[in-house]
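Heads up: the structure comes next, in structure tokens.
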Amino acid sequence: MRRILVTSALPYANGAIHLGHLVEYIQTDIWARYQRLRGHDCLYLCADDTHGTPIMLRAKREGVTPEQLIERMSQEHRRDFDRFAIQFDHYYSTHSPENRQLAEQIYLKHRAAGHIRTAVIQQAYCPHDQMFLPDRFIRGCCPVCQAADQYGDSCEACSATYTPLELTDARCAVCGTAPVARDSEHLFFKLDDFRPFLQQWTRGGHIQDEVANKLEEWFSSGLKDWNISRDAPYFGFAIPDAPGKFFYVWLDAPIGYMATTLSYCQQQGRCFDDYWLNNDADRPTEVYHFIGKDILYFHALFWPAVLHGAGFRTPNAIFAHGFLTVNGQKMSKSRGTFIDARHYPDTLNPEYLRYYYATKLTSRIDDIDLNLDDFIARVNSDLVGKLVNLASRTAGFIHKQGGGRLAAVYPDDGGLYQAFVAAGDEIGALYEGREFARAMQAIMRLAERANQYVEAQSPWKLAKQPGQELLVQQSCTVALNLFRLLATYLQPALPLTAARVAALFNLPALSWDARETPLFDQPIQPFSHLMARIERATIDAMLLAAAAPPPPSPPPTPSVVVPAAPELLPEIPYDLFAQVDLRIARIEQATLVAGADKLLCLTLDLGAQGQRTVLAGIRAAYPNPEILVGRLTVMVANLQPRQMKFGRSEGMVLAAGTAGSDLYLLAADSGAQPGMRVK
RNA sequence: GGCGGGGUAGCUCAGCUGGUUAGAGCGGCGGAUUCAUAAUCCGUAGGUCGGGGGUUCAAGUCCCCCCUUCGCUACCA
């Protein structure tokens, strides 16, 4: 039994999980599940990456503390991962006592060894916000081509790179004030001290060949010292011996892998040193990091150097993958292809995405494309047509003519079952080598052979001939056993379906080793549908949801006469109006209410004022409530809560309209934030 | 600009160190079947392998040039 630790990159707590993120989590999860399926002790850990200026500023903008913000994001992230059956053994946070302790320990070790130096550098400082500004928080004109509104590090128009202080007419992205140059002392990690170690390490089979080439490039252009400190105010860990300085988020983020291990070990009574310190010859631990190719520099250079210098072990390998494109293009908000996990419709099985990604994933760092038409065709053909249909077309006969039991003895199938068992070796090797695309192909080839077998036996013909019941039962017994093997092989990619297949055979779970023996002379459960075909409309609904918040759509030209707007009400004094507390609210969730035909249940985010649940009578106008998710609207926040038949409603959202579906929810211009007072 | 990865049938992709008539799945077309969530099975048609030049007895596979596409270009996250 191997002892393995795998990680995915820690998602940043500043944003939602989208389909691009999921490539990595699904890839890692499939690999980890495969290892567990083979009986190995495989730990899959992850955490939220929580520090840095963007988190601090966003929390400020939303009127919450950074801790509140990261707590909320963590919950959202966990919910998204859970939905896609990503099975972490532990999901933690970089804002944890364990991480602080490890970060300090590692830093002090490096400092004691002379790998940290200090230097005064000049950076852009915003006198209004009283803080140093990261490059991305400065906008101005490109000093080279004069393009307006460029970031502080490079120009999107002419790709020139420069420092923020070189920008013409630079402005703080937060408040618009012109930044000034200001000196500050910083701490630098002397990466070049580790050059010999790193050059050896990168040639030690720890990284993919393409990546090694890339590293060569970096080596030849020189390893520069790495600034690991940031000035207050900063959301992060204070550096022990440097007042007013904090660890740069990228220092403590990877240490989060270790902190999560530590937290897990404390909970589970396991030994942290087994994972990060000792690597005894008796039972070495394998450590693997799955990452996107964009963060290679951090994981393939800084991280091994940081670990090595602090006396910890380095990972066995870094597995980098490419980016996700949608319909051949970069995900884009304006094209409506920037799809967050929450946009993935409830009516669409998450395992479809897992399978589709699996059919595309290789061990290389190529980008992979989510072609939505191909997605539909692939899933419908492979999973519904070839896989599920195999059981659907044969299980019925076991109940109709076999007494609900598999044949008393496993029949002669011409060696088919053994061929399927033998194919497991190749499929296993493909999983192990992260060649999921080939693994899926191999499995589907088997599925085709199984369907050919059924076709050749034609149990439906035999079923019409009296006295052939045994043959019917036997051929379906073979088919169902083959189906069971297919489900076993697909289990890492389709864990939920595999569990249901296990239940069909009255098994607690499908197991890799048990596949060697066919099942016979035992009852099976009645077959129930495992998967539905993807309808184009479901995909369209997803794209619609992804496009939210949608621009206020022009009112449809009514074919009937618009009812005249009612007369104005009598005047009121200002004081009366001022008693109504109107607030900007972000629609976090919008669902139909079971049993109610006019209501939607909205979960509204009011920023600092927390969340509200509002039952709104707007279903007629918004039959697909998911399109509302993410939108900003206006609510009456101090309306007395009202107990309704379907629950308590804590306020009301504002909408214009006459009646029925002629109803239009108010929207706020961009820039408005949840919780803002409307007046 | 520099560097790197792609450009192979309508779609998604295989094609190892150059070697017989370039492959798969899906889709198309024709047929069979109707057990199954219109699923399955059999057959078939589709490609001057981005363009041009070169090396070679032989190139999708090597070299050069060009077109095109995506990405990277570190102290942003």
Side-chain angles (χ1 to χ4, degrees), chain A residues 11-15 49 51-55 121 123 133-138 151-154 158-161 163-164 186 188-189 191 210-211 213-214 216-218 220-230 248-250 253 293-298 301-302 322-323 325 328-330 356 359-360 362 364-371 373-382 384-397 400 437-438 440-441 444-445 447-448 450-464 472 475-476 479 527-533:
Chain A
Y12 199 49
N14 191 28
D49 177 18
H51 292 152
T53 307
I55 301 284
I121 57 169
Q123 288 180 304
L133 296 169
D135 295 353
R136 284 276 153 157
F137 283 89
I138 300 171
Y151 287 120
D153 53 352
S154 64
C158 73
S159 344
T161 57
T163 72
H186 279 273
F188 291 84
F189 176 68
L191 183 61
E210 318 97 281
V211 175
N213 295 338
K214 190 73 188 170
E216 277 308 320
E217 223 177 275
W218 285 331
S220 60
S221 63
L223 301 181
K224 294 191 183 146
D225 293 346
W226 182 36
N227 185 351
I228 57 165
S229 57
R230 291 295 183 272
Y248 175 43
V249 56
W250 259 112
K293 62 184 182 183
D294 52 327
I295 54 176
L296 264 171
Y297 202 86
F298 298 99
L301 291 181
F302 292 140
F323 295 145
T325 55
Q329 292 183 298
K330 202 171 173 176
Y356 189 73
T359 66
K360 297 275 192 160
T362 70
R364 296 187 306 271
I365 59 173
D366 307 322
D367 292 350
I368 72 170
D369 184 44
L370 168 60
N371 179 293
D373 288 320
D374 187 52
F375 174 60
I376 296 172
R378 195 95 190 207
V379 166
N380 287 349
S381 170
D382 288 0
V384 180
K386 290 177 188 168
L387 179 74
V388 169
N389 188 233
L390 178 63
S392 172
R393 66 193 303 208
T394 52
F397 290 114
K400 276 182 274 181
R438 288 175 184 276
M440 297 305 114
Q441 278 170 23
M444 281 307 138
R445 266 199 297 276
E448 283 169 27
N451 276 303
Q452 286 163 4
Y453 169 84
V454 173
E455 202 70 24
Q457 298 297 313
S458 298
W460 54 93
K461 285 182 188 162
L462 297 169
K464 289 173 185 158
V472 172
S475 59
C476 292
F527 180 79
S528 58
H529 290 176
L530 291 172
M531 290 179 176
R533 299 173 65 79

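In what follows, every heavy atom counts, from backbone to side chain, and hydrogens, waters and symmetry copies are set aside. Fair warning: this is a prediction, and the values are worked out from it, not measured in the lab.
Remark: the separation of the C1' atoms in G51(B) and G46(B) is 22 Å, to the nearest Å. Look at the C1' atom in both G25(B) and U8(B): the space between them is 15 Å, to the nearest Å. Taking atom P in both G60(B) and G71(B), the straight-line distance is 31 Å, to the nearest Å. Rounded to whole Å, the P atom of C66(B) lies 25 Å from the corresponding atom of A9(B). With P as the reference atom, A22(B) and U34(B) are 39 Å apart, rounded to whole Å.
The residue among Asp135(A) and Asp369(A) whose nearest nucleotide of RNA chain B is located toward the 5' end is Asp369(A). Place Asp373(A) and Thr362(A) on RNA chain B by their nearest nucleotides, and Asp373(A) ends up nearer the 5' end.
Nearest nucleotide to the Gln441(A) side chain, out of G25(B), C72(B), C13(B): C13(B). Among the nucleotides C75(B), C26(B), U12(B), the one closest to the side chain of Lys224(A) is C75(B). In this structure, the nucleotide among C11(B), C75(B), C41(B) sitting nearest to the side chain of Glu448(A) is C41(B).
Contact annotation for Asp366(A): backbone-only contact, meaning every heavy-atom pair under 4.0 Å involves sugar-phosphate atoms and none involves a base. Base contact: Tyr297(A) has a heavy atom under 4.0 Å from a base atom. When heavy atoms are screened at a 4.0 angstrom cut-off, Phe137(A) is found touching no nucleic acid atom at all. Nucleic acid contact class of Arg445(A) (heavy atoms, under 4.0 Å, all strands): none.
Applying the side chain to side chain contact (heavy atoms under 4.5 Å, CB included) test between Trp226(A) and each of Phe188(A), Phe298(A), Tyr297(A) identifies Phe298(A) as the sole match.
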* Once Watson-Crick and G-U wobble pairs under 3.5 Å are found, how is RNA chain B written in dot-bracket notation, 5' to 3', with | for any base paired to another strand? -> (((((((..((((.....[...)))).(((((.......))))).....(((((..]....))))))))))))....
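Formation of a donor-acceptor pair under 3.5 Å by the Lys293(A) side chain with backbone atoms of Phe323(A) is not found in this model. No side-chain donor-acceptor contact under 3.5 Å links Asp382(A) to the backbone of Met444(A). Checked by atom type and distance alone, the side chain of Tyr453(A) never pairs as donor or acceptor with a backbone atom of Glu448(A) at under 3.5 Å.
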* Structure fact -> Counting primed atoms, P, OP1 and OP2 as sugar-phosphate and everything else as base, the B/S/- map of nucleotides 34-39 of chain B against protein heavy atoms under 4.0 Å is SBBB-S
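In this structure Glu455(A) satisfies the side-chain contact (heavy atoms from CB on, under 4.5 Å) test together with Arg393(A), Trp460(A), sequence neighbours excluded.
In textbook terms, a nucleotide whose glycosidic angle is within 90° of 0 is syn, while G25(B), being further out, is anti.
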